Amino acid sequence: MASPSSKGKAIAEGSTSQSQPQSPPNPPALSRYESQKKRDWNTFCQYLRNQQPPVHISQCGSNHILDFLQYLDQFGKTKVHVHGCVFFGQVEPEGQCNCPLKQAWGSLDALIGRLRAAYEENGGLPERNPFAGGGIRVFLREVRDSQAKARGVPYKKRKKKKRNPMKSSHDAGDGTTGTSSSNLPS
């Protein structure tokens, strides 16, 4: 019989005579974005499988994607006022109405971005990516514009801030570079 110290040494050296089977190492945890992308991809693929007849991802086109986006509206939480509503165009309506709840434009835009990336990560060719098609971009633009009008707030694209090439972000303006006098001894 082996002594406890030699048994520990045998395990440490990789002996398999009396050791337990080793489980594979845990994969690194996915980021929030990667988890959401995986969940969105699985949801979209399940949606395609539930179609009559089922649709394989290789046969997926923009019409399937547009149907999926409209299907998601039933789970939306954004009130979108219709043209006949008394609150149409008001930024902060004072009462309740029966206008539908829909997916917000920003949510749909982010979803398409994640699905576009997931398509290519799952073997799809970039030049055949249905999530990158013009019909999808037109649909998202129309949703953005209609939701902005319904709220009475026009959509304004954010302009990128111009960087001043003469002044680095590390320059303090007093001749020192990259250090802050607040935390360093003088």
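Fair warning: this is a prediction, and the values are worked out from it, not measured in the lab. Worth knowing before you read on, the calculation uses all heavy atoms, side chains too, and leaves out hydrogens, waters and symmetry mates.
By the 4.5 Å heavy-atom criterion applied to side chains, Pro130 and Ser62 are not counted as neighbours. Considering only heavy atoms from C-beta on, Leu115 stays 4.5 Å or farther from Ile65 through its side chain. Under the 4.5 Å side-chain criterion, counting only non-hydrogen atoms from C-beta, Glu34 is not in contact with Arg39.
The aromatic rings of Tyr119 and Trp41 sit perpendicular to each other, their planes meeting at more than 60°, with 30° as the lower class boundary. Relative orientation of the Phe44 and Phe68 rings is perpendicular, given thresholds of 30° and 60° on the angle between their planes.
In this structure, Ala104 and Thr78 approach most closely via the heavy-atom pair CB-OG1, 3.4 Å. Nearest heavy-atom pair across Leu66 and Gly135 is CD2-O, 4.4 Å. When all heavy atoms of Gln36 and Arg114 are compared, the closest pair comes out as CG-NE, 3.3 Å. Shown here for Cys97 and Phe87, the closest heavy-atom pair between the two residues is CB-CD1, 3.8 Å. Scanning both residues, Arg128 and Ser58, for their nearest heavy atoms gives NH2-O, 4.3 Å. Nearest heavy atoms, Gly76 versus Leu101: O-CB, 3.5 Å.
A distance of 10.5 Å separates NZ of Lys149 from CZ of Arg144, quoted to the nearest 0.5 Å. A distance of 12.0 Å separates OG of Ser107 from CD1 of Ile112, quoted to the nearest 0.5 Å. In this structure, CG in Leu69 is found 13.0 Å from NE2 in His64, a value given to the nearest 0.5 Å. Separating the CD atom in Glu127 from the CD atom in Glu120 is a distance of 8.5 Å, to the nearest 0.5 Å. Separating the CG atom in Asn122 from the SG atom in Cys45 is a distance of 7.0 Å, to the nearest 0.5 Å.
In terms of hydrophobic clustering, with Ile, Leu, Val, Met, Phe, Trp and Tyr side chains grouped at heavy-atom distances under 4.5 Å, Leu111 and Tyr33 are assigned to different clusters. Val82 and Val143 fall into different hydrophobic clusters, where Ile, Leu, Val, Met, Phe, Trp and Tyr side chains are chained together by heavy-atom contacts under 4.5 Å. Hydrophobic clustering keeps Val80 apart from Phe88 (ILVMFWY residues linked when any side-chain heavy atoms are closer than 4.5 Å, directly or through intermediates). One hydrophobic cluster holds both Trp105 and Phe75 under the rule that ILVMFWY side chains link at heavy-atom gaps under 4.5 Å.
No donor-acceptor pair closer than 3.5 Å links the side chain of Gln51 to the backbone N or O of Leu48. Checked by atom type and distance alone, the side chain of Arg137 pairs as donor or acceptor with a backbone atom of Ala132 at under 3.5 Å. Gln90 places a side-chain N or O within donor-acceptor distance of the main-chain N or O of Val86, the cut-off being under 3.5 Å. Without hydrogens or angle criteria, Asn129 side chain to Arg116 main chain gives a donor-acceptor distance under 3.5 Å. A distance-only check finds no donor-acceptor pair linking the side chain of Gln103 to the backbone of Leu108 [under 3.5 Å].
Among pairs with a residue in residues 65-81, none fulfils salt bridge (charged side-chain N to carboxylate O under 4.0 Å, His left out), at least two apart in sequence or across chains.
Counting heavy-atom neighbours within 6.0 Å of Asn63 CG, excluding the residue itself, gives a total above 12. A 6.0 Å sphere centred on CD of Gln96 holds no more than 12 heavy atoms belonging to other residues, nucleotides or ligands. Within 6.0 Å of the NZ atom in Lys102, the count of heavy atoms belonging to other residues, nucleotides or ligands does not exceed 12.
Donor-acceptor pairing under 3.5 Å is lacking for the side chains of Asn42 and Gln46.
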